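Please read these numbers as outputs of a predicted model, since none were measured by experiment.
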Amino acid sequence: MTKEIALTFDDGPWGLTTPRVLDELIAQKIPATFMIWGEHANQYPELVKRAAAAKLFSFGNHTFSHRSLLEIDEKEIRKELEKTDHIIRELTGDFPKFIRPLLVI
């Protein structure tokens with residue numbers, strides 16, 4: 001049996017911390033999955049593109065506006081996920097492989 005660890009980040013991306021995290025992961029050649037928040041990907045598209053260009057990372061959908069999915073209806077949930085899927089596809093060339101929902105009451 002092989003033991004593995006999956007490194008994931010609930011990443012905005014954020015203008016201050018994401019570049020530092022990317023620098024270290026790229027320098028050490030450490031793969032990770034970034035859970036992308038759609039609004040922030042629109043704000044920092046260059047960070048998402050940089051992560052995609054490194055060919056080390058996968059991406060997940062962390063909704064568009066970081067709203068709790070327990071507090072909105074199915075139509076709004078679909079909108080949150082589809083908008084972010086589209087942004088991730090536009091910036092990385094791939095659809096996200098994972099969803100990390102915010103489930104707070």
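- Electrostatic pairing of R20 and E24 does not count as a salt bridge here, judged by no charged N lying under 4.0 Å from a carboxylate O.
- Listed here is the closest heavy atom pair of L56 and L25: CD1-O, 3.9 Å.
- Between F9 and F34, the ring-plane angle classifies as parallel under the 30° and 60° cut-offs.
- Hydrophobic clustering, with ILVMFWY side chains joined whenever heavy atoms are under 4.5 angstrom apart, keeps Y44 apart from L16.
- Hydrophobic clustering, with ILVMFWY side chains joined whenever heavy atoms are under 4.5 angstrom apart, groups L22 together with F59.
- Note that the NZ atom of K83 and the CD atom of E39 stand 7.5 Å from one another [nearest 0.5 Å].
- In this structure, V21 is a member of the same hydrophobic cluster as I30, with clusters built from ILVMFWY side-chain heavy atoms closer than 4.5 Å.
- Formation of a donor-acceptor pair under 3.5 Å by the H62 side chain with backbone atoms of R100 is found in this model.
- Residues T63 and L69 are in side-chain contact: their nearest non-hydrogen atoms beyond the backbone lie under 4.5 Å apart.
- The closest side-chain heavy-atom distance from D85 to P96 is below 4.5 Å.
- Across all non-hydrogen atoms, the minimal contact from P31 to L7 is O-CB, 4.1 Å.
- Proximity of a side-chain donor or acceptor of N61 to a complementary backbone N or O of L81 within less than 3.5 Å is detected.
- For the residue pair T33/T8, the side-chain donor-acceptor check at 3.5 Å is not satisfied.
- The backbone N or O of P13 sits nowhere less than 3.5 Å from a side-chain atom of W37 that would complete a donor-acceptor pair.
- Rounded to the nearest 0.5 Å, atoms OG1 (T84) and NE2 (H40) are 11.0 Å apart.
- Every residue meeting the side chain to side chain contact (heavy atoms under 4.5 Å, CB included) condition with E4, not counting sequence neighbours, appears here in chain and number order: T2.
- Within the 4.5 Å cutoff, side-chain heavy atoms of R78 are placed close to those of E74.
- Checked against side chain to side chain contact (heavy atoms under 4.5 Å, CB included), P45 has the following partners two or more places apart in sequence or in another chain: L91.
- When side chains are defined from C-beta on, F57 does not count as touching T92, because their heavy atoms never get closer than 4.5 Å.
- What you find for I88 and G60 is that their closest heavy atoms are CD1-O, 3.5 Å.
- Shown here for F64 and E80, the closest heavy-atom pair between the two residues is N-OE1, 3.0 Å.
- For residues 40-59, the salt bridge (charged side-chain N to carboxylate O under 4.0 Å, His left out) pairs, not counting sequence neighbours, are D23-R50.
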Practice task
Go through the steps to decide whether I36 and V48 satisfy the test side chain to side chain contact (heavy atoms under 4.5 Å, CB included), and finish with yes or no.
Solution key: CA-CA 8 Å; I36 302 294; V48 179; 4.3 Å; yes

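- Here the straight-line distance linking atom CD1 of I77 with atom CD1 of I72 works out to 5.0 Å at 0.5 Å rounding.
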